[in-house]
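What follows is a single structure, written as structure tokens, with notes after it.
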Amino acid sequence: MSVREESDWDHLIRGDSNALRDLKIWWEVRSKELGNGDCVWTPQDEKVCGKTNEASAHSEEEEEGEGWMSFDPDFGHYRGADGKARGFEPAQGAAGANPILEGLKWWFPLAGGEYADSVTGKTLTAVNSPTSETGPAGVSETSMGVSAGDSNYVHSTDSYFRTVAESTGAGPETYYPFTCTFWVYMASGAHTWIMGDTNQWQCYKYPSGGHQMHCGVKANGSYWRLANTSGSGLSDSTWYFFAFRYYGHGYESDGSVGSWVNGKRVNRVSGSAGSGSIAETGTQDCCGESLQTGAGITFGGAGTATGRLAMVGYWDRVITDAEVLEIYNTTLGGGGYPF
Amino acid sequence: MSIETVKASAEIQLEALKVTLLPLQEEWAESHTRYWQGRQNPQELPRNGVSGTVDPDLARRPMPSWEDFGVTLPDSIPYSVRCDEFVCEGCHLGHDDLVTGFFVLVLFTWGSNPEIRWIKRSKYEGGAWTDEDWVSEQMGPIV
């Protein structure tokens with residue numbers, strides 16, 4: 001594999017997001033004995049490497065060829081045409097990578113009828129056959145469609161969140177911030193859309209007062225406390241991009257320490273690709289709930305949602321307004337992960 | 001009717017459905033590779049012990065309805081029944097195995113502000129049943 005444009009490597013090393021996304025790489029594969037430390041990806045997505053203390057590995061199953069490789073946002077990898085060659089994952093969250101990737105714990109494109117997490121590779125379980133629909137950028141099969149009547153959704157019981165030891169506590173020192181961003185296209189009625197942490201936090205549409213997006217967390221495992229998009233008059237069958245930011249137990253929404261104050265913000269971004277503007281549509285600073293931890297996530301409620309969902313991301317930090325806008329502009333422009 | 005009465009009645013129905021559905025599902029899976037999906041019936045969850053009317057023709061087309069699949073339900077019940085099919089492809093890192101199975105559920109709502117949805121389900125996977133306890137979820141309105 002060789003790179004034609006050396007200057008692109010400079011951008012890549014510095015973590016320039018556009019360079020990461022737009023970079024094209026020339027690949028060449030020739031059958032050969034692999035030396036120590038040499039690695040290749042086979043067409044079956046297996047990594048074959050030469051080993052130090054063993055007879056050298058041989059890439060017999062690697063298909064010879066050459067061509068341009070570009071970044072495939074659906075897979076989070078560089079790939080050649082028809083998946084003929086597979087390259088590397090751009091760095092995620094590491095120093096030098098795009099800062100927006102810091103703290104990104106999972107990212108589900110929900111495209112093509114697949115429910116894989118671009119960050120971890122884990123796959124969600126599909127219940128009652130969710131459909132594959134046109135997404136927010138107008139591209140077919142780039143979102144997941146669900147219907148309450150069909151009781152379909154996707155979920156996982158894998159651990160996607162911090163452990164109890166990392167997040168419990170009784171005072172303001174407890175700090176468990178997170179951000180969840182997502183695209184949603186809703187039909188009428190009240191539906192749960194995203195449930196996290198064994199239903200310890202969720203975002204869902206509520207039909208009163210103009211359709212509202214409610215995002216909140218459970219107060220001590222009992223009633224919900226949340227920021228509502230009151231009066232925002234969300235329309236049916238329209239794509240919306242939301243960011244739910246929870247500032248952590250004991251913290252106000254400006255990040256300052258408060259006494260049993262828990263900042264929550266729901267933001268909605270609108271506008272054309274590249275010129276989105278962010279609005280604060282739901283706020284709450286109250287209640288002192290202590291976010292409990294658990295495992296598992298559910299998209300599309302558990303048989304209670306009708307509409308579509310796409311590109312759901314989760315960070316274990318509060319991302320900035322600028323980052324929210326970057327996600328919006330990137331995904332609406334047809335891009336995906338990473339940004 | 002108390003909530004405990006509704007739960008007890010639903011549990012009896014759940015056990016009966018497990019017995020009825022298993023041979024039907026195994027036969028269906030042989031020819032379809034996946035399991036049949038039974039839509040929530042009654043569609044609107046019964047609330048506070050008030051029975052809802054069962055629609056024997058309710059179906060997720062092209063799959064057959066409850067009745068056509070071979071399941072006879074009571075005319076009215078104070079809870080809903082559902083049969084969810086699940087598929088998980090490559091759920092476990094490094095494996096491409098296809099995991100399939102199905103849930104049988106009984107569910108109803110109780111109370112108001114907040115309204116609570118109660119669910120009990122049994123999971124069939126890998127030739128064995130796993131019975132889960134009742135779980136509750138707040139359905140809203142949220143305060």
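Naming convention: chains lettered A, B, ... in sequence-line order (proteins, then strands); numbering from 1 in each chain. Since this is a predicted model, take the numbers as computed values, not measurements.
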Checklist line | Atom group of A:Ala302 that falls short of 4.5 Å from chain B, counting heavy atoms | finding: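 Both parts, heavy atoms under 4.5 Å.
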Notebook entry, point to check: Given a strict heavy-atom distance threshold of 4.5 Å, which part of A:Ser129 is in contact with chain B: side chain, backbone, both, or neither?
Noted result: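 Both backbone and side chain.
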Check: Hey, does the Lys NZ or Arg CZ of B:Lys123 hover above the aromatic six-ring of B:Phe86, less than 6.0 Å from the centre and inside 45° of the axis?
Finding: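 So B:Lys123 does make the cation-pi contact.
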Check: Is there a donor-acceptor pair under 3.5 Å between the side chain of B:Arg121 and the backbone N or O of B:Glu132?
Finding: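 The answer is no, because no donor-acceptor pair under 3.5 Å joins these two groups.
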Item checked: Backbone of B:Asp55 reached by a side-chain donor or acceptor of B:Asn41 within 3.5 Å ->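 Pair found, side chain donor or acceptor close to backbone of B:Asp55.
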Item checked: Side chain proximity check, B:Gln25 to B:Phe102, heavy atoms < 4.5 angstrom ->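 In short, these two side chains touch, coming nearer than 4.5 Å.
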Item checked: Winner by heavy-atom pair count (cut-off under 4.5 Å) against chain A, out of B:Gln37, B:Glu85, B:Arg60, B:Arg82 ->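 If we count pairs closer than 4.5 Å to chain A, B:Arg60 comes out on top.
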